[in-house]
Structure formats: C-alpha cells, structure tokens
Amino acid sequence: MTTEAPRYPFAWEPPMQVPQALQGLHDKSAVQVTLPSGDKALLVTRYRDVRSLFADHRLSRNIARPDAARISADNDLFTNPHIDPDPPKHTQVRSLVTRAFTARRIEGLRPVAQEITDELLDAMEAGPRPAELNEAFAFPLPIRVICKLLGIPPEDRSHFRASVDGFLSVSKLPPDEVAKARGDLFRYLAELIESKRSTPGDDLISALIKVRDEDDNRLNEHELHFWVTGLLIAGYVTTASQIGTGTAVLLHHPELVKEIRDDWSLVPSAVEELLRTQIMGSSVGTLRYAIDDIPLTDGSVITKGTSVLLSEEAANMDPEVFDRPFEIDIRRTENHHMTFGAGLHYCVGAALARMELQVATESLLRRFPDLRLAVPGDQLPRALGGFMEGFTEVPVEW
C-alpha cells in the first residue's frame with residue numbers, strides 16, 4: 001500500500017493555527033510532498049539541514065530544467081532561462097544590490113517610514129469604522145517605502161497590486177490571467193527603466209541602470225529587469241502581508257498586546273517571533289534541483305536529480321532549536337529563525353522589512369490603545385492559491 005505525498009503548501013486550518021502538518025515532521029530530515037502542479041518534491045524539514053543547504057552549491061536554483069518539478073501548472077514562477085541564479089554570477093550581481101540595503105541606509109529610511117505611517121494612521125483614524133487594516137495601512141506603507149527607495153513615481157503605485165497578485169498566483173488564476181498580469185507588470189517596469197535611463201534620479205533603479213550601461217559584464221539587460229521586478233515584489237507584498245497578519249495574530253492574543261504596552265522594548269522581539277511563527281510566503285520559492293548526491297543529518301541522501309524545497313517554516317518549528325516551537329513567545333531571546341533564508345541567498349531586504357514592521361507595530365498599538373479585531377480571529381480569511389498566505393482581510397475597530 002502506498003501513501004500519497006501530502007499537498008504543499010500546507011493549509012492554515014483553522015486560520016490562526018500553525019499548520020498541523022508541520023507537527024511531527026522533524027522525525028525525518030526530509031519528506032516527499034506534492035506541489036500545486038502535481039509534481040513531487042522533497043521537503044527538507046530540520047533546521048540544521050535547511051541552514052546548511054541554503055549555502056550548498058550542490059543545490060542549484062536553476063529550476064528551468066526539463067526534469068525539475070514545477071511549482072504550478074499555470075505559472076512558471078521563478079523560472080527564467082535568461083537568468084543564471086547560481087554562484088558565481090548570482091553572487092556578483094547580488095553584491096551590487098546589497099549596497100543599497102546597508103543597515104545605515106535602512107536606518108536613514110526610518111524617519112521616512114514613520115512619516116508615512118503617521119500619515120496613513122491619521123487617515124485611518126478619520127475614516128469609517130471598522131477599518132480594513134490591509135487596505136488602510138498594511139499594504140500602502142511598504143509600497144510607499146519601496147517606491148521611494150526604487151524611485152517609482154507615487155502616481156504609479158496603483159499599477160502594482162493587481163499585477164503583483166497575478167504574478168504570484170500558484171493556482172488561484174488561470175494561465176491567461178497570470179500571463180496578462182505578468183505582461184502588465186513587465187511592460188510597466190520596462191517603460192520605467194527606459195524613462196530612468198534617459199532621466200536618471202537618486203534612486204536604486206537609476207543606480208542599477210548605471211552599472212548595467214557602464215559595464216556590460218556585470219549586469220546584463222535581463223538581469224537588470226529581473227532584479228527590479230524582484231526588489232519591487234519582495235519589498236512590497238511580503239512586508240505588507242506580514243504587517244496585516246502579524247497585527248491580526250497579536251490582536252487575537254490580547255495578553256501579548258498588553259505585554260508590549262507594558263514594555264515597549266518588546267516590539268523588536270515580538271516582530272521576530274511573529275516572523276518565525278507566521279511566515280507569509282510558503283517555501284515554494286526555495287525550490288532547488290540537486291546536481292549531486294547530498295547527505296542529510298538523519299543519514300538519508302538527497303539523490304542527484306531530485307527537486308528540493310528548503311522548508312523555512314518547518315525549520316522555524318524545529319524542537320531541537322526552538323523551545324516550545326509552536327507557541328508564540330514574544331520574549332524569546334535566541335530567535336535565529338529562517339524566514340529570510342540564509343547564506344548566499346539571505347534576503348537582501350531583511351533589514352528594511354524589520355524596520356518597517358517595528359515602526360508599524362509600535363505606531364499602531366500606540367495610536368489605538370483599544371485596537372481590536374472586528375470579527376473573531378478564527379473567521380479571518382487566509383489567502384489561497386497564491387505565493388503569499390496571509391489574511392486577505394483584517395477588519396479592526398477601536
């Protein structure tokens with residue numbers, strides 16, 4: 001008798017509870033799962049294995065291979081035959097982008113984020129109640145910050161949400177709608193790049209164009225468009241989903257909100273714990289392809305030619321690393337979670353996301369001392385069929 005490999009991403013049912021499927025996974029280093037495409041992949045579960053494999057050159061990020069698993073049957077997400085996603089090329093290009101995300105530069109953006117936050121909260125306070133937190137605050141904040149960093153005109157922000165949502169569809173939209181969303185997004189960004197090429201500004205896109213045009217060997221035109229798209233999406237939708245969902249989880253646990261209000265120095269550790277337990281993107285984005293045999297900590301071996309997912313959420317729940325891993329402990333001090341990846345592929349925007357989450361969380365709780373969910377937390381709808389898994393609506397009142 002054979003057992004069908006469980007479907008992945010795992011379901012958040014009930015929506016406030018970490019997927020049950022993550023419990024008991026750590027008995028083995030890896031388990032087979034079924035992707036939305038119907039293809040099979042090996043899900044690596046243990047913290048030590050996941051951390052190690054993020055830096056292992058025997059796992060290639062190039063999944064545009066005929067025998068590699070597909071994430072979706074309707075969307076060739078993360079496959080681009082024009083991009084070399086592996087070292088040394090990827091490392092070389094990545095180093096150009098990370099210069100824009102230094103801790104000093106990100107801290108310099110904190111007053112900007114605070115100003116935008118205060119402006120959005122003013123409007124929310126003056127508006128109708130209950131308010132929908134995603135629309136009023138969680139999504140507008142990061143898109144305004146990333147647009148400022150990238151140099152995208154304010155009047156163009158409205159282009160993004162529908163296009164990005166379609167671009168990240170795994171099974172929610174049919175192929176023609178995915179293609180339309182992708183075409184709209186790519187067309188807009190291509191026009192923006194050409195506009196900045198003729199009239200550069202003091203922004204990250206202009207800086208990348210300058211690198212591209214002055215030294216063709218360091219960044220080609222495909223890579224330029226790839227990185228601009230990636231920075232826009234990663235700097236916007238992940239942080240937006242984390243703000244909305246993290247706030248909803250906090251409000252579902254008023255005892256945690258009280259702890260923070262009694263000691264505001266807990267905001268950074270609360271943000272980290274919500275990042276650990278409420279990871280917004282499933283690990284489909286970590287799909288890799290083994291180009292050699294790789295041993296794991298339980299003695300099993302990933303065989304050459306296997307498609308592999310590095311489960312950041314399972315690593316974040318590994319009982320060998322995290323005490324009471326399924327509980328939210330905002331006073332957790334050792335919290336080296338894997339939500340931003342690790343090694344060569346550690347998220348370049350991690351510091352920016354952390355800064356925005358800290359500003360958003362503290363500002364919301366200070367501005368609205370009686371902030372609460374307008375519906376029971378267990379009734380909040382989770383996103384289905386997309387790369388992101390946060391709550392699609394978070395109605396709040398005060």
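These figures come from a predicted structure and were not determined experimentally.
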Gap between atom [atom2] of [Y] and atom [atom1] of [X] - 0.5 Å precision:
X: Glu273; Y: Leu266; atom1: CD; atom2: CG; value: 11.5 Å
X: Lys28; Y: Thr297; atom1: NZ; atom2: OG1; value: 13.5 Å
X: Leu42; Y: Ser311; atom1: CG; atom2: OG; value: 11.5 Å
X: Glu389; Y: Thr245; atom1: CD; atom2: OG1; value: 10.0 Å
X: Ile243; Y: Leu364; atom1: CD1; atom2: CG; value: 8.5 Å
X: Arg367; Y: Leu371; atom1: CZ; atom2: CG; value: 11.5 Å

Is there a donor in the side chain of [X] and an acceptor in the side chain of [Y], or the other way round, less than 3.5 Å apart?
X: Glu223; Y: His225; answer: no
X: Arg48; Y: Ser29; answer: no
X: Asp263; Y: Ser265; answer: yes
X: Glu393; Y: Asn134; answer: no
X: Ser72; Y: Ser37; answer: no
X: Tyr47; Y: Asn316; answer: no
X: His26; Y: Glu320; answer: no
X: Asn62; Y: Tyr289; answer: no

Taking His253 for the side chain and Glu255 for the main chain, is one N or O donor matched with an acceptor at less than 3.5 Å?
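No; zero donor-acceptor contacts below 3.5 Å.
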With no hydrogens and no angle check, is any side-chain donor or acceptor of Ser206 less than 3.5 Å from a backbone partner on Asp202?
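A pair under 3.5 Å: no.
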Cation over ring face, Arg276 and Phe322, 6.0 Å, 45°:
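The answer is yes, since Arg276 meets both limits relative to Phe322.
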Within-4.5 Å side-chain heavy-atom neighbours: [X] and [Y]:
X: Trp398; Y: Met124; answer: yes
X: Pro36; Y: Pro9; answer: yes
X: Leu109; Y: Met355; answer: yes
X: Val396; Y: Arg372; answer: no
X: Leu296; Y: Val301; answer: no
X: Leu149; Y: Leu352; answer: yes
X: Lys40; Y: Thr34; answer: yes
X: Thr239; Y: Leu141; answer: no

Salt bridge (charged side-chain N to carboxylate O under 4.0 Å, His left out) pairs, two or more places apart, involving residues 285-301:
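Every candidate salt bridge (charged side-chain N to carboxylate O under 4.0 Å, His left out) pair involving residues 285-301 fails, so no pair, neighbours aside, qualifies.
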Non-hydrogen atoms of Ser363 and Val359 that approach each other most closely
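Between these two residues, the closest heavy atoms are OG-O, 2.7 Å.
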To check you understand the geometry: which heavy-atom pair defines the closest contact between Ile71 and Val284, and what is its length?
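Nearest heavy atoms, Ile71 then Val284: CD1-O, 3.4 Å.
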Can you tell me how the ring of Tyr8 sits relative to the ring of Phe10, calling it parallel under 30°, perpendicular over 60° and tilted otherwise?
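Plane angle over 60°, so perpendicular.
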Can we say Asp203 and Lys196 salt-bridge, meaning some charged N sits less than 4.0 Å from an Asp/Glu carboxylate O?
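The answer is yes: the pair qualifies as a salt bridge.
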Are Arg110 and Glu356 within salt-bridge range, i.e. N to O under 4.0 Å?
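Answer for the salt bridge query: no.
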Any link between Leu59 and Leu35 through a network of hydrophobic side chains (Ile, Leu, Val, Met, Phe, Trp, Tyr) touching at under 4.5 Å?
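Hydrophobic grouping puts Leu59 apart from Leu35.
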Identify the residue among Arg61, Met338, Glu312 that makes a side chain to side chain contact (heavy atoms under 4.5 Å, CB included) with Thr286.
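Among the candidates, only Glu312 passes.
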